[in-house]
Protein chains: 2
Amino acid sequence: MSKKSTIHDIAKALNVTASTVSRALNGHPRISERTREAVEEMAKEMGYQHNQIASALRSGRSNIIGVMVPTADRSFFSRVVSGIEDEANRMGFNVIICQSNDRYENEKRNIEALLRLRVDGVIASMAKETQDYTHFAELKNKNTALVLFDRVNEKLGVNTVVLDDYLGAYQAVSHLIKQGCKRIAHFAGVQHLNIYRERLRGYKDALKDHGLPFDEQIVAYGVYIEDGFNNMKTLLQLSNPPDAVFSASDFSALGAMQTIKAHSLRIPQDVALIGFANEPFTSFLEPPLSTIDQHSHEMGIAAAQLLFEAIQNGDRQFPSRTIVLNPELLVRKSSLRV
Amino acid sequence: MSKKSTIHDIAKALNVTASTVSRALNGHPRISERTREAVEEMAKEMGYQHNQIASALRSGRSNIIGVMVPTADRSFFSRVVSGIEDEANRMGFNVIICQSNDRYENEKRNIEALLRLRVDGVIASMAKETQDYTHFAELKNKNTALVLFDRVNEKLGVNTVVLDDYLGAYQAVSHLIKQGCKRIAHFAGVQHLNIYRERLRGYKDALKDHGLPFDEQIVAYGVYIEDGFNNMKTLLQLSNPPDAVFSASDFSALGAMQTIKAHSLRIPQDVALIGFANEPFTSFLEPPLSTIDQHSHEMGIAAAQLLFEAIQNGDRQFPSRTIVLNPELLVRKSSLRV
DNA sequence: TCAAAATGCGCAACCGATTGCACAAATCTA
DNA sequence: TAGATTTGTGCAATCGGTTGCGCATTTTGA
């Protein structure tokens, strides 16, 4: 029958007031050692459990943060979430995870739910659909800390953690060129998302810096398996098909791989392939797919650290910071022509 | 500056009391149409947002449920979580996700955190390590609804949602036998978990019912890639190696596949292979891996429905229910010998 | 030795919404 | 038309901690 038991119950049992119990449990310096011990002992004895709800109401700090990702089903995001959770646990915060499923409406609805819950802060990566950012701006109005990661918007003036997508793309393409590829295609994503914009930019610059021409014709859009599958078909029908593809997504790279095999072409000899994100399945493919690791777990930790910093600073407006993580090119057989 | 704005602010502006505002916003029947409209309008105008924390404190219902999975990183679990979220959204509940990482200590700690948060209910799948169930029992003491799924404990007398693992195993093995396999190995998991116990049982029964002998020697334990990799090596060194493997996990099946290929054996001609769980990567393998789909999304929905039912029934003890979902054998090339 | 500072704890308001009870006014019933 | 209902709203307590302020009591310092 450990039904409830509140600090008042403890107080009564020890003949002190609830204030004293509260302070004792929170390690307030003005409480004597003896009282604290007595309180702690009695709390344990009565099976007391701190009521975070009540505490949140009075103190204005819920110790909950919200995390919104496009989907938890993608390994990149779930690893970031893992990192966030690790850091949150260390800091004594609870994490609420929600998914936008890449829909603007869901994203907006979730933000509102988090605001109702009075979370102390939000870490988010934007939905693919999102092009209006007022719901994020509203968080700042309501004095709720916000950190964006991966898919961010620079104009919001908010703390962000991103990968150096430009560099990742640049390295990937440079690597392909070093492997002797002369005509490198690119599978790109929607260009209103920073990450895909940067990857395209890195692709272009790498070509230019190595004296290869940029050809609009071999840049295709789409990041899902089917996109890669179909786009690759189209590319292979060109009079001068590409001898390599740098894909902004592991999934479209996978689709491409299937098409290439269906055409009985060899990877990487006929077409070399590099994806992006280091999804676990990439290492199981045949040949294993070269890709770019985004240090997702670290990204989560970094985002959480930024958030907790902001939460602790409270109102005081600091200039917003951006943490940029370095990509890591994982060279596997799909791009190794030696 | 939409800083706060409470029902009191709305009340003041309309010259009524907070009670009236609260009732109006909650659709209380004793509030006149006119008042309700006025309140709603003013609420919108003032950018009012319901404070769930305050509401939870007073009403005793937080509208939050906790979900604990071994890891969100596995597709099976993340799909279950998806299902839970869908249902929770429909019901106006928020979802807190935590991971045990298959560690008993984490599981225990998470449960305590959820209790402090005064969640209305918990949906969980047990950590591999867990063999002591008092922390789950405590939920019942504290009057918090509990639903277990997939990895459950029958003795807790709690609502559960499970797959018919026995049937799935039985079907898989029967299928292998129909394909002409005579000596079928099994990769099993720890036997204190119901799911692995049932899969082993289904494997044995299928053998028996088809007149094949059960041979302890070709049952190996372990569900990770490395386990499959190593166990397959051992099996292939037997004087009479198996001509098929039914693995209780897609991951160990994957490991086996790598070993088999390394030995230049053909799949499925030399060794047929079936996994369990329908992890997305299974369809990308070569050959694509036969496996068993667990209807994970539906499992999540079912678990959530059970939970919300229990929450709404409140104290009234109902006999605990168990929902059993049917597995679906997905026959792919790794087991198709035609 | 005595004023100043530090220590230990209680008082009571408060966070923001919910809700049982009460009560006046309006509506219904016979 | 008077009594019974119904309707619409207010009052005030409450959920369980937190916290600024105040007041003894003890300790410190010169």
Side-chain angles (χ1 to χ4, degrees), chain A residues 2-40 42-43 46-64 92 115-120 142-143 314, chain B residues 2-40 42-43 46-64 92 115-120 142-143 314:
Chain A
S2 46
K3 229 12 169 342
K4 17 194 81 171
S5 98
T6 70
I7 55 170
H8 294 93
D9 300 330
I10 299 177
K12 208 167 296 169
L14 291 175
N15 222 26
V16 293
T17 59
S19 336
T20 302
V21 175
S22 172
R23 292 194 176 105
L25 293 174
N26 290 315
H28 190 286
R30 292 290 249 323
I31 294 292
S32 74
E33 193 65 23
R34 210 149 48 88
T35 316
R36 165 147 11 119
E37 276 167 13
V39 167
E40 270 163 7
M42 180 60 74
M46 301 178 67
Y48 170 75
Q49 248 168 347
H50 182 71
N51 186 330
Q52 233 180 104
I53 296 281
S55 164
L57 176 58
R58 170 60 225 237
S59 68
R61 311 241 283 100
S62 64
N63 271 46
I64 306 177
L115 278 171
R116 277 197 301 274
L117 253 177
R118 300 296 192 267
V119 296
D120 292 334
K142 306 263 177 172
N143 200 23
Chain B
S2 47
K3 228 18 168 337
K4 16 194 80 169
S5 97
T6 70
I7 55 172
H8 293 93
D9 300 330
I10 299 177
K12 207 166 296 169
L14 291 175
N15 223 25
V16 294
T17 60
S19 337
T20 303
V21 175
S22 172
R23 291 191 177 106
L25 292 174
N26 290 316
H28 191 287
R30 292 286 254 310
I31 294 292
S32 74
E33 193 65 22
R34 212 151 46 88
T35 316
R36 167 154 5 131
E37 278 167 12
V39 167
E40 271 163 6
M42 181 59 75
M46 301 179 65
Y48 169 75
Q49 247 168 346
H50 181 72
N51 186 329
Q52 235 181 103
I53 297 281
S55 165
L57 175 57
R58 170 62 224 237
S59 68
R61 310 242 284 96
S62 65
N63 272 47
I64 306 177
L115 277 171
R116 277 196 301 273
L117 253 177
R118 300 297 193 266
V119 296
D120 292 334
K142 306 264 176 171
N143 201 25

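In what follows, every chain begins at residue 1, and chains take the letters A, B, ... in the order their sequences are listed. The structure displayed is predicted, hence computed values, not measured ones.
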Salt bridge (Lys or Arg N to Asp or Glu O under 4.0 Å) contacts in which one or both residues fall within residues 46-61 of chain B, not counting sequence neighbours: B:R61-B:D120
Sequence neighbours excluded - salt bridge (Lys or Arg N to Asp or Glu O under 4.0 Å) pairs with any residue from residues 5-14 of chain A: none
First-last contacting nucleotides on DNA chain D - partner chain B, under 4.0 angstrom, heavy atom: D:dT7 to D:dG16
Within-4.5 Å side-chain heavy-atom neighbours: B:I31 and B:V39: no
Listed pairs under 3.5 Å, donor-acceptor, residues 18-25 of chain A side chains, sequence neighbours left out:
unit_1, atom_1, unit_2, atom_2, d
A:T20, OG1, A:T17, OG1, 3.3

Minimum-distance pair of heavy atoms, taken over all atoms of A:S62 and A:A56: CA-CB, 3.6 Å
Sugar-phosphate only, base, or nothing, as touched by A:V16 at under 4.0 Å among non-hydrogen atoms: sugar-phosphate
Please tabulate the protein-to-nucleotide N/O contacts below 3.5 Å involving nucleotides 20-25 of chain C, giving atom names and distances.
unit_1, atom_1, unit_2, atom_2, d
C:dG20, O6, B:R23, NH2, 2.5

Results of side chain to side chain donor-acceptor pair (under 3.5 Å) for B:T35 - residues two or more places apart only: B:S32
For A:Q49, all residues meeting side chain to side chain donor-acceptor pair (under 3.5 Å), sequence neighbours excluded: B:K142
OP1 or OP2 of C:dG8 under 4.0 Å from side-chain N/O of A:T20: no
Whole-Å distance separating the CZ atom of B:R61 from the C1' atom of C:dT19: 15 Å
Distance, nearest 0.5 Å, that separates NE2 of A:H50 from CG of A:N63: 7.5 Å
Interatomic distance, B:R36 atom CZ to B:N26 atom CG [nearest 0.5 angstrom]: 10.5 Å
Please tabulate the protein-to-nucleotide N/O contacts below 3.5 Å involving nucleotides 15-17 of chain C, giving atom names and distances.
unit_1, atom_1, unit_2, atom_2, d
C:dC15, O2, A:R58, N, 3.2
C:dG16, N2, B:A54, O, 3.4
C:dA17, OP1, B:Y48, OH, 2.7
C:dA17, OP2, B:I7, N, 2.6

Listed partners of A:R118 passing salt bridge (Lys or Arg N to Asp or Glu O under 4.0 Å), at least two apart: none
